[in-house]
Each structure stands twice: as C-alpha cells, then as structure tokens.
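Throughout, a chain's letter reflects where its sequence line sits, starting with A, and its residues are numbered from 1.
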Amino acid sequence: MSTLAVHDHGVAHHEEGHEHHHDTFLTKYVFSQDHKMIAKQFLITGITMAVIAMLLSILFRIQLAYPDKSFPLLETLLGRFAPEGRLDPEFYLSLVTIHGTIMVFFVLTAGLSGTFSNLLIPLQVGARDMASPFLNMLSYWFFFTACVIMLSSFFVQKGPAGGGWTIYPPLSALPTAMKGSGLGMTLWLISMVCFVASSLMGGINYVSTVLNMRTKGMDLWKMPLTIWAFFLTAILGVLSFPVLVAGVVLLIFDRSFGTSFYLSDIVVNGQVMPFEGGSPILFQHLFWFLGHPEVYIVIMPAMGISSEIMSVNSRKPIFGYHAMVYSLIGITVLSFIVWGHHMFITGMNPFLGGVFMITTLIIAVPSAVKTFNWLATLWRGNIRFTPAMLFAIGMVSFFISGGITGIFLGNAALDINLHDTYFVVAHFHLVMGSAAIFGMLAGVYHWFPKMFGRMMDEKLGYLHFWLTFIGAYLVFFPMHFMGLDGVPRRYYAFTEFASMQRWLSVNMFITWAAIMSACAQVAFLYNFISSIFFGKKATQNPWQANTLEWTTPVEHLHGNWPGEIPSVYRWPYDYSKPGAEEDYILQTTPLSQTMSSNLPHDFEDNPAGLEALNKWTSTQKANEEVK
Amino acid sequence: MAFKKIIDSKKLLASLAVFMLLGTNVLMAQTVTADAAAKPGVNWLSVGYYVLLFVLISIAIGVVGKILRVYDLSQQIQGKKGTNWNNIMGTICLIFMVVGLSAAFWDITEQGSMTLPEAASKHGVKIDAMFLTTTCITLFVFVITQILLFSFLFRYKHSDKRRAYFLPHNNTIEKVWTIIPAIVLTVLVIFGFFTWQEVENSSPVKGDINIDVTGHQFAWEIRYAGPDGILGKKDFRLTAGANKLGIDFKDKNSMDDLQADTLVLPVNKVIRLNIFAQDVIHSVYMPHFRVQQNAVPGLPTFFKFTPTITTEEMRRKVDDPKFEYLLYCNKICGSSHYNMQRVVRVVTEGEYNQWLAKQKPYLTPALRTELKLAAADQKKSITQNRLALNN
Ligand code: HEM
Ligand SMILES: [Cu+2]
Ligand SMILES: [Cu+2]
C-alpha cells in the first residue's frame with residue numbers, strides 16, 4: 001500500500017489558516033496559485049474560446065450553404081475578409097484552420113484537461129494543492145498568452161494562418177503560396193510554442209501530484225477513473241507535445257532562416273526556389289506523432305469523466321474497473337504507434353502503411369471494451385437523469401457512432417478513397433469533437449457545485465442537452481455520405497463540380513442544424529453565468545457520490561480540507577452495495593463501520609480483515625439461529 | 001393560478017406565430033426589392049427580425065420554465081410529488097432511439113444512394129467488397145450498441161423503490177467482449193492488409209502506360225510519352241518560361257513527349273500515373289476509380305490501376321449523358337483548391353490511339369526558340385547542354 005501520500009506539511013500549513021492570510025484581488029483571482037481558482041480560469045477561458053470557434057464555424061457553414069449568395073452583413077462585420085458580402089476563399093481556409101486549432105488545442109486540450117485535472121486531481125486524491133502551484137499558475141498564463149496570440153492573428157493584414165490545423169508544409173512554409181502563410185502563420189507557430197509550454201507545465205504537475213501526493217490509503221487501485229484518465233493523459237502529453245515543438249521549430253527555421261528541412265524541388269509561380277533535400281513527409285511524421293496521441297489526450301479525460309458520472313448516476317459501480325484502467329493504459333501505449341494512419345496515401349512507404357494499419361485496428365479493441373463496460377454499467381442500474389448524466393450518455397453514443405467509422409479509415413485500402421473527404425470530417429467530429437465536448441459539458445454540470453458552490457438549473461440543462469445532442473447528429477451524420485460520394489473537405493464552395501452541387505440541399509440542412517445547435521448553447525451560457533451568481537446553494541454532496549472531493553466544505557478554502565486530510569479505505573465505486581444502509585459509501589468510510597455490507601472481495605490483500613469478516617458473519621448467523 | 005399562466009403563454013405563442021408569419025411576409029417582399037437594387041446594403045430589417053425571433057423564442061422558453069416551476073410548487077403544496085423528470089427523460093431516450101434509428105435508416109437509403117457508383121477499376125472492385133463487409137459488421141455493432149444504450153436508459157430509469165444491482169465485474173463476459181472484437185478486427189486487418197499490398201504493389205512492368213500528372217497552384221499538367229512510349233527526365237531547376245514542367249530536353253526521350261488537357265485512358269490497360277507537385281502538396285483524387293495519391297514536391301509518387309468501364313458505359317449505367325470521370329485535388333493547397341480539376345475519359349484502345357496521335361508535343365516551336373534548338377538538334381547536343389546548365 002502506498003504511504004507516500006501522507007504529508008504533514010499540509011496540515012501544518014493549514015494551522016496558520018487561510019483567514020490570516022490576506023489575498024488581494026490580484027493574488028486571488030488573477031495570479032492565483034490555488035488549483036481550484038486556476039481550474040476556473042481554464043474553464044472560463046476555454047468556454048470563451050469555444051464560443052469564438054463555434055462562431056467561426058457558423059461563418060464558414062453559411063458560405064457552404066449559400067455559396068452564391070451575398071450577405072452584406074458579413075462585409076460590415078469582417079471588412080476586407082468578406083468583400084461584397086462574400087467570404088474570401090483564403091479567409092474561408094483561415095476560418096477552418098483557426099476553428100480546428102482552437103477546438104482541438106485550446107478547448108478540448110487546455111479547456112478540458114486544464115479545468116478538470118486542476119480541479120479534481122488534488123480534490124480526488126486528497127492533496128492540499130498541486131505539486132507546484134507556481135508552475136500551475138504559469139501554465140495558465142502561458143495558455144492565456146497563446147490564446148491572445150492566436151486571436152490576434154485576425155488583426156494582421158493578410159489574416160490568420162490558413163493551411164488547415166495540420167499546417168502541412170510547403171503550403172505553410174512558403175509565404176507566397178497563400179495569404180494565410182504570411183504573418184498569420186508566424187503567429188500561429190508562436191502561439192503553439194506557448195501552448196505546448198503551458199501544457200507541459202500542466203502535465204508535469206498532474207503526473208507528480210498523482211504520483212506523490214495521494215492521501216493515506218489512496219493507492220493507485222483506489223483512484224477514481226477520472227484520476228487515472230487525467231494521469232495517463234498527462235503522460236501522453238508530456239511525451240508527445242515536445243515532438244510537435246521540434247516540428248514547429250524546424251518549420252520556423254524553414255520559414256525564416258532559409259533552411260530546407262521540409263522543402264525540396266519547389267517552383268512557385270514559375271519561380272525556382274533554392275530549397276533542396278528536405279522532405280514534407282518529415283513534417284507529417286513529426287506532426288502526427290503528436291497529432292494522434294493528441295486525439296486521445298482529448299478523449300481520455302472525457303472518458304474518465306463520463307465513467308465517473310455514469311457510475312454515480314446509475315448508482316452502480318463502474319463495470320470492470322480494472323478493465324477500464326487497463327484499456328486506458330492500452331490506449332495510451334498504442335496511441336504512440338499508430339500515427340501513420342493519417343499518412344497512408346501521402347507517399348509514405350506502403351509497407352509502413354500496412355504496419356500502421358495493423359496497430360490502428362488493434363487500438364479499436366480497448367476502445368470497444370470501454371464501450372461495452374459502459375453499457376454494462378447502465379445495465380440494471382437505478383439511473384438518475386441529471387444533465388451531467390445525459391451528457392455522459394451522449395458522449396458514449398457519439399463515441400460509438402464515430403469510433404465505428406474509424407474501422408473504415410484505419411483500413412489503408414479503404415482509406416485510399418476516404419482520406420480527406422467529408423467522411424473523415426464526420427468521423428472525427430463525432431468521435432472527438434462531439435464526444436469530448438459532451439464529456440466536458442458533463443463535467444461542468446457535475447462539478448459546478450464544487451467549483452462555484454451553487455447548482456445549475458436542471459431544466460435548462462435538459463433543453464441544452466437535447467438540442468445539442470440532436471443537432472450534432474443532424475450536422476455530422478449526413479457528412480458520411482458526402483464523403484462516400486467523394487466530396488473533399490476544405491473546399492470553399494461546391495459550385496464547380498456538377499457531382500457536388502447535388503449536395504447543396506444537404507449542406508443547407510447541415511448549416512441550419514448547426515445554427516440551431518449554436519443557439520442552444522445560449523441556454524448553457526445563460527445557465528452557467530446566472531447560476532454562478534444566483535444558482536441554488538449547493539449542499540456538500542449533492543449527487544451522493546463517494547469520492548473525496550465531496551468531503552470538502554462547500555465554501556472553498558486554501559488547502560481544501562479544514563482539518564486533517566481524510567484517509568481512504570475503499571475504492572470509489574461502492575454504490576448500492578447489498579447490506580449497506582444507503583446506496584453509497586464514501587471512500588473515507590472504514591470497512592469496520594460497514595460490516596453488514598462487506599464482501600470477501602474487499603479483503604483481497606488483507607487476511608486479517610478477511611478473518612474479522614468471517615468471524616462477524618458467523619456470529620451474525622449464530623444470532624439469527626438463536627432468534 | 002397556473003391555468004392563467006398557461007393562457008398567457010398561449011397568447012404569447014400565438015403572437016409569436018403571427019409575428020413569424022408577418023415577418024416572413026415582409027422579408028419576402030424585401031428580397032424582391034433588394035434584388036432590384038444594384039448593390040444591396042445590409043438588410044437591417046431582416047437582421048432585426050432574426051434577433052427579435054430569437055429573443056421571443058427565449059422568452060417563450062423562459063415562460064414555459066416558469067410555468068413548470070409553478071406547477072411543481074403547487075403540486076408540492078398539495079403534498080403530491082412534482083414532475084418526475086426521470087420518467088420523462090427515460091421516455092425521451094426511448095423515443096430518440098426509435099426516431100433516431102429510423103432517421104439513420106432513412107438517411108442511409110436516401111443519401112446512401114447518392115454516393116459513388118460502382119468502382120470503375122480492377123482494384124476498386126476489391127476495395128468495394130471490403131467496404132461492404134466492413135459496413136455490414138459495423139452497422140450491426142452500431143445498431144445493437146445504440147439500442148442497448150438507450151433501452152437500458154429507459155428500462156432502468158430511477159425509482160425510489162429499487163436499488164441498483166451491485167455488479168463490479170464479471171471476468172468471463174469481459175474476456176468474451178475483448179476477444180470477439182479482437183477476432184473480428186484481425187479478420188478485417190488480414191483482408192485489408194492483403195488488399196492494400198495488392199493495390200500498392202506496383203513494380204514497373206513493360207507495357208504499362210506511363211502518364212505524368214503534375215500539380216501546381218491551381219491546375220494539373222498531364223504529360224504522355226510520345227511514340228517511343230518513354231517519358232523523358234525532368235529537373236525542377238530547368239523550369240522557366242515555356243518549359244513549365246522543367247523537362248530535360250537533353251534526354252532524347254523528352255523530345256516526343258505530349259501534352260494534353262484531358263486525361264484519356266484506354267480501357268482495361270494498366271495505367272501508371274507518375275505523380276509530381278511543383279509548389280505545395282496536392283492530391284490526385286479520382287474517386288470513381290478508387291484512386292488517391294498525394295503529389296508531394298520533392299517526392300515523386302505513383303499509382304497503378306486498370307480502368308474497366310469506359311465513360312460511355314458509365315454514362316449509361318448512371319443514366320446521365322453528361323457524366324464525366326474527374327480528377328481533382330484533395331489536399332488543401334490554397335485559394336483555388338476547390339476548383340482544380342481535369343476531366344478523365346476512359347475510351348477503347350482504338351479511340352485512345354487516335355486521340356493520342358492528335359496531341360501536341362511539349363517541345364513547341366516557341367520552346368524550341370527559347371531553348372535555341374534547331375529542328376534536328378541531335379547534332380547540337382553540346383550547345384543544348386550548355387543551355388540547360390545556364391538555365
Ligand atoms: C476506433 C478507433 C479509431 C480508429 C481506428 C481511427 C482511425 C482514424 C484514421 C485512420 C484516421 C485518418 C483518416 C484520414 O485522414 O484519412 C482518423 C482521423 C482522425 N481521427 Fe480517428 N480513429 C479512431 C478513433 C478516434 C478517436 C477516439 C479520436 C479522438 C478522440 C479520433 C480522432 C481523429 C481525428 C481528429 C482525425 C482527423 C485528423 C485530420 O485529418 O484532421 N479518432 N482516425
Ligand atoms: Cu489518428
Ligand atoms: Cu491542389
């Protein structure tokens with residue numbers, strides 16, 4: 001059993017008390033080093049970025065639905081980027097690029113991991129704060145800087161980066177190749193370096209907190225699945241993000257210092273360029289070595305959050321806890337060796353393609369196991385439909401729908417015709433975009449009382465859920481068929497091909513579904529903001545959950561627990577245990593207090609306890625016989 | 001009390017409906033007048049209309065919310081239980097499942113029929129077979145899992161009388177559902193692997209028809225070998241003026257190379273596309289043949305395939321006299337990425353030979369003068385050498 005986690009210093013620290021310790025506005029809300037405040041900073045920045053990225057997507061959806069129509073309002077709003085009320089083709093590409101970048105990195109990586117790892121790791125493992133609160137604060141401010149730089153690129157003359165969120169060179173390396181490869185791309189690259197710095201500082205903190213600062217009794221196999229997920233996500237990030245930096249730095253060199261890492265044999269507009277000997281494929285390897293783990297960095301926290309919420313609200317232990325952990329570990333390890341499936345047809349050696357195909361389809365196995373375990377968790381549960389629960393369920397539904405198309409894409413032979421079509425867009429928006437956003441929203445609804453001490457409105461939550469859930473399916477489901485008809489992604493308009501004009505009505509439908517879903521987010525924003533100030537006051541454990549964060553007082557204090565940090569005696573999923581009084585047993589309840597519900601299984605590595613249990617059961621039996 | 005509210009909200013809803021009708025009418029009238037104007041300004045009226053519509057809908061939702069709250073409160077005062085949201089949500093889940101699956105089914109038949117026609121190449125048929133197998137398996141899993149998910153939600157919705165069944169794990173069933181997907185995926189991988197090897201295995205064979213396709217912003221250049229059947233060498237450093245592909249005319253094989261606007265292919269012959277890019281990455285995408293390969297600057301790639309259906313036949317099959325096979329760009333490459341296409345025409349061998357005979361050589365008179373080449377330049381190859389170097 002791990003006893004690393006007992007720390008007296010925390011207690012000592014607390015004795016001085018937070019009351020004596022006067023926080024100024026600046027240290028409390030801005031340069032805060034308290035993990036709960038930093039979590040809120042990440043969340044609110046993340047939500048802001050999500051709203052911006054969503055609005056960008058509505059802009060380009062309008063273009064796709066009405067390619068021939070002029071909207072003078074757009075010119076009023078966007079100026080030179082929409083001359084005559086129609087989006088400029090290069091600005092369209094910039095919109096797509098920045099939408100993707102913000103959603104993948106700023107919302108679903110920083111917004112998701114940043115919020116919930118920061119909030120839950122100390123609270124659920126029983127620590128007073130992160131291993132390094134200062135680094136934690138820096139992590140947020142680097143993230144914030146990255147956001148500002150990324151958005152500032154809308155204000156440069158030629159507009160933001162435009163090569164797609166994957167920024168493949170030579171397109172991104174040659175400023176003459178498109179407007180979006182000018183200053184906007186430089187800003188993109190700088191922003192990304194700041195972002196990676198932020199996410200490394202965060203990741204190192206999460207890993208070390210989980211490894212070193214668990215409370216007494218909290219051995220690894222007693223950690224909630226959320227913590228397992230955040231922990232493995234952080235490891236994934238720490239190992240893969242540096243590779244992106246390497247790729248980005250070499251690209252900066254190629255752009256600004258005349259090197260040829262990625263460039264060779266290039267003639268732009270009839271002008272022979274001096275680059276020789278580089279390889280564009282090298283960039284793709286470096287990018288996807290991060291890029292693929294990145295998609296799991298996005299989904300694993302969502303998986304952890306959903307597992308936890310589904311268990312709490314089904315009033316049932318998560319089914320196959322060990323299998324859940326091992327499949328997370330399996331995904332973590334495998335996700336490092338599948339990146340080539342994004343490159344089947346880029347000119348990579350076909351033999352390598354074959355190998356990557358094998359590893360890719362292997363990774364579907366742990367994903368399938370997780371899905372089945374979620375279903376088994378619901379089976380014979382006693383399901384409470386809180387908004388958080390609905391979003392967790394939505395996450396599972398999306399994960400299934402989108403994961404299944406991964407089987408097609410992972411098959412190199414099928415990918416020949418599907419690569420870079422709307423089929424891929426449908427795949428990753430369901431499995432990553434929608435599923436991870438739903439995981440994140442589930443987390444917001446569930447832990448809102450912990451963050452703000454108040455409850456969100458349930459009915460608005462229901463409305464938000466159904467509109468978004470249906471809307472997302474309406475948006476992404478038809479895209480599969482466009483892909484199967486060979487309609488490419490990242491096309492400014494489908495007007496030039498007779499075969500694609502047929503899809504115009506579908507595009508219009510998708511756009512209106514997207515607008516409807518976007519409007520539904522107003523319900524969320526209103527709910528979120530008004531509940532912070534006027535929501536119903538939360539009780540200490542509003543969901544009757546077992547985990548440690550619900551043993552802290554509703555009012556936040558620096559150091560989390562007023563007295564000693566509680567010790568942990570059991571796993572986090574003792575819901576509806578037969579023989580127990582209530583349908584939940586806190587992790588802090590010792591087995592000795594729950595004799596009537598203990599099972600031999602609870603004493604696997606504790607023979608003395610088992611003996612006590614046997615003794616207890618036999619006396620119980622004897623008593624009954626007497627009666 | 002609540003009753004009155006409902007009447008109120010009815011009024012509200014009615015006025016909403018009236019407003020929408022009127023608004024749309026006004027808007028329709030607006031668009032007509034707007035069409036007449038040369039350069040329409042921002043139509044603030046319609047903007048205002050949409051904003052107002054949104055606000056009204058929000059208010060309506062707010063009113064409904066209030067009514068629900070009042071109703072719940074009055075129930076509580078009377079000592080009854082409020083609305084049972086667990087039952088409502090459980091039921092909606094079930095409805096969603098039924099409606100959702102039917103909609104998905106409808107979509108699959110309706111839009112599924114808009115997808116690509118049968119493969120027009122030899123390897124494409126194999127890919128389509130794999131696709132069908134994969135679709136059947138995955139669709140089955142999709143339907144089963146979604147049905148389980150939503151029917152569990154309905155079946156096991158909360159009840160105060162019941163407790164959940166404490167079931168932390170069951171090793172047997174977990175092994176089963178690890179091993180079954182593993183086996184299915186192994187089968188798919190094995191078939192996929194061999195199909196992939198077959199499609200990509202393209203060691204050069206004599207008699208293959210070699211065609212160069214070069215992508216640049218924003219067009220495709222197509223180069224056929226002349227009568228000698230061999231394409232001459234290229235060097236990007238030679239790109240200048242009329243020699244836009246950088247063809248190396250020191251190489252005798254270059255002299256008779258032909259340029260074309262259309263990619264014309266003889267049916268049932270092995271075609272080897274040699275794929276190049278000059279500036280940024282492009283992608284040769286010919287979905288009807290299940291062909292795609294990126295065009296990468298500095299990294300020549302190729303794709304070998306055998307077209308099996310002529311354009312004429314395909315026109316009959318899809319019942320569209322204007323049908324054309326297309327080659328288009330499928331890797332983001334800049335502003336006109338969305339319009340970078342060439343027509344591909346599959347014809348009989350006879351037609352192909354006739355057509356080829358009519359194509360113009362790359363070595364146009366203009367290029368000849370540019371490169372200072374005389375008609376019979378074999379003898380002057382020395383000067384040519386120097387020229388090439390100077391370029
Ligand atoms: C069931 C397992 C999965 C398999 C076999 C799989 C396979 C693939 C393959 C082969 C591609 C490349 C398609 C192409 O560009 O032609 C792809 C794209 C993608 N996948 Fe998955 N995937 C799986 C699950 C996931 C998950 C869980 C996520 C994220 C949470 C994800 C996110 C993405 C993204 C973002 C892309 C598109 C990247 C881009 O080109 O912009 N996938 N997937
Ligand atoms: Cu991937
Ligand atoms: Cu292109």
Side-chain angles (χ1 to χ4, degrees), chain A residues 72-73 76 89-90 164 168 170-171 177-178 264-268 272 280 315-317 320 323 345-347 350 354 358 361 364-365 368-369 372 375 378-385 400 404 407-408 411-414 416-417 420 459 481 484-486 488 490-493 496 576-578 583, chain B residues 40-42 47 65 86 89 107 111-112 114-116 127 130-131 134 138 142 145 148-149 152-153 156-158 162-166 168-169 174 177-178 181-182 185 189 192-193 195-196 199-200 236-237 239 278-281 287 290 292-294 296-299 301 330 332 334-335 338-339:
Chain A
L73 181 64
T76 317
E90 301 208 14
Y168 283 1
L171 184 60
M178 75 186 298
S264 185
D265 300 20
I266 288 177
V267 183
V268 186
V272 178
R315 312 309 293 160
K316 233 189 119 201
I345 58 150
T346 54
I358 295 171
L361 293 191
V365 175
V369 170
F372 296 139
L375 292 178
L378 295 174
W379 181 66
R380 297 186 66 181
N382 196 8
I383 299 166
R384 277 190 328 212
F385 291 99
I400 296 171
I404 265 172
I407 313 283
F408 293 77
N411 186 330
L414 295 180
I416 293 174
N417 226 44
D420 266 340
K459 320 253 150 49
F481 304 103
L484 293 177
D485 193 35
R490 291 165 176 165
Y491 266 30
Y492 164 67
E496 310 301 320
S576 299
K577 212 171 176 187
D583 67 352
Chain B
V42 180
V47 175
N86 283 316
M89 286 299 129
D107 213 21
Q111 287 170 6
M114 287 167 72
T115 53
L116 291 170
I127 290 184
M130 279 233 51
F131 180 82
T134 315
T138 52
F142 170 78
T145 45
L148 287 182
L149 177 61
F152 284 173
L153 293 176
Y156 301 112
K157 57 188 180 296
H158 188 82
R162 204 160 46 85
R163 242 193 208 197
Y165 173 50
F166 186 82
H169 65 113
E174 285 176 64
W177 67 41
T178 311
L185 284 166
V189 164
F193 190 84
T195 317
W196 168 250
V199 174
E200 293 285 313
F236 80 104
R237 291 180 209 81
T239 316
Q278 287 187 306
D279 36 31
V280 303
I281 301 178
R290 315 295 186 254
Q292 182 171 203
Q293 180 69 55
N294 283 8
V296 187
L299 180 82
T301 54
N330 197 17
I332 180 172
S335 61
Y338 70 104
N339 186 15

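- B/V296 touches chain A through its side chain: at least one heavy atom from C-beta onward sits under 4.5 Å away, while N, CA, C and O do not.
- Interface remark: A/T346 contributes backbone and side-chain atoms alike to the contact with chain B (heavy atom separation under 4.5 Å).
- In this structure, the portion of A/V272 lying under 4.5 Å from any heavy atom of chain B is its side chain and not its backbone.
- Residue B/I127 comes nearest to A/A413 through the heavy atom pair CD1-O, 3.4 Å, listed as atom of the first residue, atom of the second, then distance.
- A pairwise comparison of heavy atoms in B/Y156 and A/L378 identifies CD1-O, 3.8 Å as the closest pair.
- Going from atom OH of A/Y492 over to atom CD1 of B/I332 covers 14.0 Å, rounded to the nearest 0.5 Å.
- Taking chain B as the reference chain and counting heavy-atom pairs below 4.5 Å, the highest number among A/V267, A/V365, A/V268 is found for A/V267.
- Both the backbone and the side chain of A/K577 come within less than 4.5 Å of a heavy atom of chain B.
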Item to check | side-chain contact (heavy atoms from CB on, under 4.5 Å) between B/D107 and A/F481, intermediate numbers included | outcome: CA-CA 9 Å; B/D107 213 21; A/F481 304 103; 3.4 Å; yes
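- Ring pair B/F131/A/F408 is tilted by interplanar angle, where 30° to 60° counts as tilted.
- Put simply, of B/E174, B/R163, B/Q293, the one with the most heavy-atom pairs under 4.5 Å next to chain A is B/R163.
- To the nearest 0.5 angstrom, A/N382 atom CG is 8.5 Å from B/N86 atom CG.
- The nearest pair of heavy atoms linking A/A177 to B/V280 is CB-CG1, 4.0 Å.
- Side-chain N or O atoms of B/Q292 include one that pairs as donor or acceptor with a backbone N or O of A/I416 at under 3.5 Å.
- Without hydrogens or angle criteria, B/W196 side chain to A/P350 main chain gives a donor-acceptor distance under 3.5 Å.
- Contact annotation for B/T115: both backbone and side-chain heavy atoms come within less than 4.5 Å of a heavy atom of chain A.
- In terms of non-hydrogen atom pairs under 4.5 Å with chain A, the most contact-rich of B/G298, B/A182, B/G334, B/P168 is B/P168.
- To the nearest 0.5 Å, atoms CG (A/L414) and CE (B/M130) are separated by 5.0 Å.
- Ring-plane geometry between B/Y338 and A/Y491 is classed as perpendicular, the angle between the planes exceeding 60 degrees on a 0 to 90 degree scale with a lower cut at 30.
- Listed here is the closest heavy atom pair of B/P287 and A/G486: CB-CA, 4.3 Å.
- In this structure a side-chain-to-backbone donor-acceptor pair under 3.5 Å is missing from A/R315 to B/Y165.
- Only the side chain of A/Y168 comes within contact range of chain B, with heavy atoms under 4.5 Å apart.
- In terms of heavy atoms, B/I281 sits closest to A/P280 at CD1-CB, 4.0 Å.
- Residues A/L484 and B/L116 come closest through the heavy atom pair O-CG, 3.2 Å.
- Both the backbone and the side chain of A/A323 come within contact range of chain B, judged by heavy atoms closer than 4.5 Å.
- Between the CG atom of A/D485 and the CD atom of B/Q111 there is a distance of 10.5 Å, given to the nearest 0.5 Å.
- Only the side chain of A/N411 comes within less than 4.5 Å of a heavy atom of chain B; its backbone N, CA, C and O stay farther away.
- Within the model, atoms CG of B/N330 and CD1 of A/I345 stand 7.0 Å from one another, a figure rounded to the nearest 0.5 Å.
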